[in-house]
Number of protein chains: 2
Amino acid sequence: MVQKSPPDATRRSEKSRRAIYDAALALVAEVGYPKTTVEGIAARAGVGKQTIYRWWASKADVLLEAFLDLSTQAARDAGAQPYTIPDTGDLAADLKAVLRATVDQLRDPRFEAPSRALAAEGVVNEQVGREFTAKLMEPALQLYVDRLRSAQRAGQVRAGIDPRIALEFFISPLAQRWLQYTGPISYEYTDTLVDYALHGLSPR
Amino acid sequence: MVQKSPPDATRRSEKSRRAIYDAALALVAEVGYPKTTVEGIAARAGVGKQTIYRWWASKADVLLEAFLDLSTQAARDAGAQPYTIPDTGDLAADLKAVLRATVDQLRDPRFEAPSRALAAEGVVNEQVGREFTAKLMEPALQLYVDRLRSAQRAGQVRAGIDPRIALEFFISPLAQRWLQYTGPISYEYTDTLVDYALHGLSPR
């Protein structure tokens, strides 16, 4: 009993880690970010508080990792490679594919409540907003920057366009519909965003 | 003392209404939407609870009106006609003007904290989100729809474009930068959004 074989220990540790992620996401969805505590996460996960502090420095760190893990899984379940945008040479098709996967992710019930709780906290708590945007959103935004730069090299996007601004035509309307209920979300909608953004609103 | 002349009564009533708006906005900014109560608003405004219930059915109604009033004032202070988009015949110039006024409004410190508190509640409370979007945002969005339809009639926007989707290129990136700290907000930025959206990202 004293000397566990490494595979057992790894499995047990992986099981604890998963239980802690699940507890953190469930708790933040139920009571919101301010009332979520390391103690509460530990109690719900059935582990000691010290187990959490051995791996993470704060509740923000636990939640950050739990969300990264959730996003990875949700992307996989939506049939997408997490943290990639395809580059087939057809920019419109690639953007439509990644946005359809994002639509699926936004509709995933596991994702909905905890993501809303965290986004809501970020709106009123600038530190949380900036930290989670930097760590959860910026890596995804960088993929769009890279894909748009590749399209610029291929002559499919005008040379003068700033990709960091242009990418917002693909993600911001979708984010606002999801966050603020300004309209329904569908594949047809995100396909339309891509067509409008690439070709522009004014006649050619 | 019993019979007040109508002008006095109107002034007193206007003063109470203003005090109630100010109290409601200050309170929601400080404690958030869930902990804001009609009792709390009344106490802070120095009026009886019944005074509030004489004019409004619920705290949501008080806040809704307080925000409408705030938006009107903020737009005026930003030098814009509230609830209008100019139609000079130059679509790009008109959109840039209204977006610059929106930038000023988003930077108005009176607007910042209560608007964030309300937006955050809307993210996690679908009923609040839908009601305030319908009553506070939709009338503003309709102005964009009308302006884009006018541009379609003038041949400045392609006939096949759905104005309700197209308008999101102007408002959603700005809203996301403001709500989620995904980037800085400036006149140069909103001017760029207008140019990119009208001309499109791909070469012409």
Side-chain angles (χ1 to χ4, degrees), chain A residues 29 32 34 91-92 113 115-126 129-134 137-138 141 148 151-152 155-159 161-169 171-183 189 192-193 195-204, chain B residues 29 32 34 91-92 113 115-126 129-134 137-138 141 148 151-152 155-159 161-169 171-183 189 192-193 195-204:
Chain A
L91 178 63
S115 297
R116 286 190 175 276
L118 191 69
E121 181 67 12
V123 168
V124 288
N125 182 333
E126 183 168 348
R130 287 191 182 278
E131 180 172 351
F132 281 78
T133 289
M137 289 185 61
E138 283 300 333
L141 302 189
L148 289 168
Q152 279 177 318
Q156 295 176 348
V157 165
R158 287 187 280 133
I161 295 286
D162 178 346
R164 183 58 190 76
I165 295 176
L167 70 85
E168 296 177 35
F169 288 158
I171 63 148
S172 301
L174 183 57
Q176 189 172 34
R177 285 193 174 209
W178 185 70
L179 283 171
Q180 302 197 285
Y181 301 100
T182 44
Y189 166 66
T192 301
L193 290 176
D195 292 331
Y196 286 10
L198 294 182
H199 300 298
L201 304 177
S202 60
R204 287 195 164 230
Chain B
L91 178 64
S115 298
R116 286 191 176 278
L118 191 69
E121 181 67 13
V123 168
V124 288
N125 182 334
E126 184 170 346
R130 287 191 182 278
E131 181 171 352
F132 282 78
T133 290
M137 290 185 60
E138 282 301 331
L141 303 189
L148 290 168
Q152 280 178 318
Q156 294 176 350
V157 166
R158 288 187 280 133
I161 296 286
D162 178 346
R164 183 57 191 78
I165 295 177
L167 69 87
E168 297 177 35
F169 287 157
I171 63 147
S172 302
L174 183 58
Q176 188 173 35
R177 283 192 174 209
W178 185 70
L179 283 171
Q180 303 198 285
Y181 302 99
T182 44
Y189 166 66
T192 302
L193 290 177
D195 291 331
Y196 286 9
L198 295 182
H199 301 297
L201 304 177
S202 60
R204 289 196 163 227

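None of the values given here were measured: they were computed from a predicted structure. Each chain gets a letter, A, B and so on, in the order the sequences are listed, and its residues count up from 1.
- The side-chain heavy atoms of A:Gln180 and B:Ser172, taken from C-beta on, include no pair separated by under 4.5 Å.
- In plain terms, the two heavy atoms of B:Ala119 and A:Val123 that are nearest each other are CB-CG1, 4.2 Å.
- Between chain A and the residues B:Ala197, B:Ala175, B:Ala134, B:Ala159, the most heavy-atom pairs under 4.5 angstrom are made by B:Ala197.
- The residue among A:Arg164, A:Gln152, A:Arg130 with the most heavy atom pairs within less than 4.5 Å of chain B is A:Arg130.
- In this structure the side chain of B:Ser202 never reaches within 4.5 angstrom of the side chain of A:Gln156, judged on heavy atoms.
- Taking the side chain as every heavy atom from C-beta outward, A:Leu179 and B:Gln176 never approach each other to under 4.5 Å.
- Residue with the most contacts toward chain B among A:Ala166, A:Gly122, A:Gly129: A:Ala166 (heavy-atom pairs, distance under 4.5 Å).
- If you check the side chains of B:Glu168 and A:Tyr189, you find a donor sitting under 3.5 Å from an acceptor.
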Could you walk me through whether A:Glu121 and B:Val124 pass side-chain contact (heavy atoms from CB on, under 4.5 Å), step by step? CA-CA 10 Å; A:Glu121 181 67 12; B:Val124 288; over 6 Å; no
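- Under the 3.5 Å distance criterion, the side-chain polar atoms of B:Arg204 are matched with a main-chain donor or acceptor of A:His199.
- Heavy atoms closer than 4.5 Å to chain B are found in the side chain of A:Glu138, but not in its backbone.
- For A:Leu91, no part lies near chain B; criterion is any non-hydrogen pair under 4.5 Å.
- When the candidates B:Val157, B:Ile161, B:Asp162 are compared by the number of heavy-atom contacts under 4.5 Å with chain A, B:Ile161 comes out ahead.
- Ring orientation note: the planes of A:Phe169 and B:Tyr196 are nearly perpendicular, at an angle over 60° on the 30°/60° scale.
- For A:Thr182, the parts lying near chain B are the backbone and the side chain together; criterion is any non-hydrogen pair under 4.5 Å.
- In this structure, the side chain of A:Arg158 engages the main chain of B:Gly200 through a donor-acceptor pair within 3.5 Å.
- Here the closest heavy-atom approach between residue B:Gly155 and residue A:Pro203 is recorded as O-CG, 3.3 Å.
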Between A:Ile165 and B:Leu193, does a side-chain contact (heavy atoms from CB on, under 4.5 Å) hold up when you go through it step by step? CA-CA 8 Å; A:Ile165 295 176; B:Leu193 290 177; 3.9 Å; yes
